[in-house]
Amino acid sequence: MVNPYDKAHELAKSIKDSDEYIDLIKSTELVKKDDGLYKMVKNLFTLRTQIEIDALSGKEENKDKKADLKRLHDLVSAIPEGRRLIESHYRFQVLMGDIYKIIGEGINEGMEFFNFLQEKD
C-alpha cells in the first residue's frame with residue numbers, strides 16, 4: 001500500500017524542483033535587493049489580498065482600493081524585477097491551483113457527504 005505521507009513529501013520535492021518555484025524564488029531574491037521595490041511589492045500583494053477577502057466576505061467593491069491596486073500594479077510592472085515577480089507568482093499560482101484541483105478531484109467521492117457545510121439556509 002502506498003503511504004500518502006511519502007507521496008506528499010515527493011510532491012513537495014517535485015514542486016520545489018519545478019521551474020515555477022525556482023523562478024519565484026529567484027524573482028523574490030531580486031526584489032529584496034531593492035528596498036523601495038520590496039515595499040511596493042508588499043503593498044501590492046497586501047492590497048490584492050484585502051480586496052480578495054472583501055469580495056469573498058460579500059463586501060461591496062471599494063473603487064478607491066481597486067484604483068490603488070491598479071496604480072501599484074502599474075508601478076511595480078514598470079520595473080523589470082517587479083514585473084518578473086508578478087509573472088512568476090502568477091505561474092506558481094497556476095501550478096498550485098492545478099495540483100489542488102487534481103487532488104480535490106481524486107478525493108471528491110469521499111468528501112461529497114460534507115457538501116451540506118456549504119449549503120445556505
Side-chain angles (χ1 to χ4, degrees):
M1 180 171 211
V2 176
N3 181 334
Y5 291 98
D6 291 341
K7 291 296 181 185
H9 286 291
E10 286 179 35
L11 176 59
K13 182 176 180 346
S14 177
I15 292 169
K16 197 171 180 177
D17 293 342
S18 70
D19 291 342
E20 291 85 349
Y21 185 77
I22 291 168
D23 193 46
L24 179 63
I25 296 299
K26 288 179 181 174
S27 299
T28 302
E29 289 169 356
L30 287 174
V31 166
K32 284 182 173 178
K33 290 180 180 176
D34 181 334
D35 288 340
L37 177 59
Y38 181 66
K39 286 179 185 173
M40 283 194 296
V41 168
K42 280 181 65 176
N43 289 338
L44 170 67
F45 282 92
T46 300
L47 184 56
R48 180 187 294 172
T49 301
Q50 288 173 345
I51 290 171
E52 289 171 357
I53 290 170
D54 288 349
L56 289 172
S57 50
K59 289 185 181 175
E60 190 172 319
E61 181 179 294
N62 183 321
K63 291 182 180 177
D64 290 337
K65 281 185 179 179
K66 292 279 259 188
D68 287 345
L69 180 63
K70 183 182 179 333
R71 183 184 54 79
L72 268 172
H73 186 273
D74 291 347
L75 283 171
V76 171
S77 294
I79 302 167
E81 293 84 359
R83 183 175 50 252
R84 180 178 170 181
L85 179 57
I86 290 171
E87 292 170 354
S88 64
H89 181 258
Y90 174 76
R91 284 191 302 275
F92 184 71
Q93 282 187 307
V94 169
L95 171 71
M96 293 306 298
D98 290 345
I99 290 170
Y100 291 138
K101 183 178 177 192
I102 291 167
I103 292 171
E105 289 172 354
I107 61 169
N108 192 32
E109 180 183 357
M111 300 306 293
E112 281 180 357
F113 173 78
F114 299 99
N115 285 344
F116 68 88
L117 294 170
Q118 297 176 2
E119 294 173 2
K120 294 182 179 180
D121 294 326

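Quick note: residue numbers are just sequence positions, from 1.
Here the CD atom belonging to Glu29 is positioned 10.0 Å from the CG atom belonging to Leu24, to the nearest 0.5 angstrom. The CG atom of Asn108 sits 13.5 Å away from the CD1 atom of Ile103 when rounded to the nearest 0.5 Å. Atom-to-atom distance recorded for Ser18:OG and Lys13:NZ is 11.0 Å, nearest 0.5 angstrom.
Between Lys7 and Leu11, every side-chain heavy-atom pair lies at or beyond the 4.5 Å cut-off.
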All N/O donor-acceptor pairs, side-chain side in residues 33-41, below 3.5 Å, sequence neighbours left out:
| residue | atom | partner | partner atom | Å |
| --- | --- | --- | --- | --- |
| Asp34 | OD1 | Gly36 | N | 3.0 |
| Asp34 | OD1 | Leu37 | N | 3.1 |

Could you list the donor-acceptor pairs under 3.5 angstrom formed between side-chain atoms of residues 85-96 and any protein atom two or more places apart in sequence or on another chain?
| residue | atom | partner | partner atom | Å |
| --- | --- | --- | --- | --- |
| Ser88 | OG | Ser27 | OG | 3.2 |
| Ser88 | OG | Arg84 | O | 3.1 |
| Ser88 | OG | Leu85 | O | 3.2 |
| Arg91 | NH2 | Asp23 | OD2 | 2.7 |

Which atom pairs, donor and acceptor, lie under 3.5 Å between side-chain atoms of residues 44-59 and protein residues at least two apart or in another chain?
| residue | atom | partner | partner atom | Å |
| --- | --- | --- | --- | --- |
| Thr46 | OG1 | Lys42 | O | 2.7 |
| Thr49 | OG1 | Phe45 | O | 2.8 |
| Asp54 | OD2 | Lys65 | NZ | 3.0 |
| Ser57 | OG | Ile53 | O | 2.8 |
| Ser57 | OG | Asp54 | O | 3.2 |

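Within the structure, ring-ring contact (aromatic ring centres under 6.0 Å, His included) contacts touching residues 56-85 (residues at least two apart or in different chains) do not occur.
Using a 4.5 Å cut-off between side-chain heavy atoms of Ile, Leu, Val, Met, Phe, Trp and Tyr, with links allowed through other members, Tyr5 and Ile99 fall into different hydrophobic clusters. Note on Ile102 and Ile107: separate hydrophobic clusters, where clusters join Ile, Leu, Val, Met, Phe, Trp and Tyr whose side-chain heavy atoms are under 4.5 Å apart, directly or indirectly.
Panel note: side chain Ser77, backbone Asp74; no donor-acceptor pair is recorded below 3.5 Å.
Annotation: side-chain contact (heavy atoms from CB on, under 4.5 Å) contacts of Phe113 (sequence neighbours excluded): Phe116. For Lys101, the side-chain contact (heavy atoms from CB on, under 4.5 Å) partners two or more places apart in sequence, or in a different chain, are Glu105.
Under a cut-off of 6.0 angstrom, the local environment of CD in Glu112 is crowded, with over 12 non-hydrogen atoms contributed by other residues, nucleotides or ligands.
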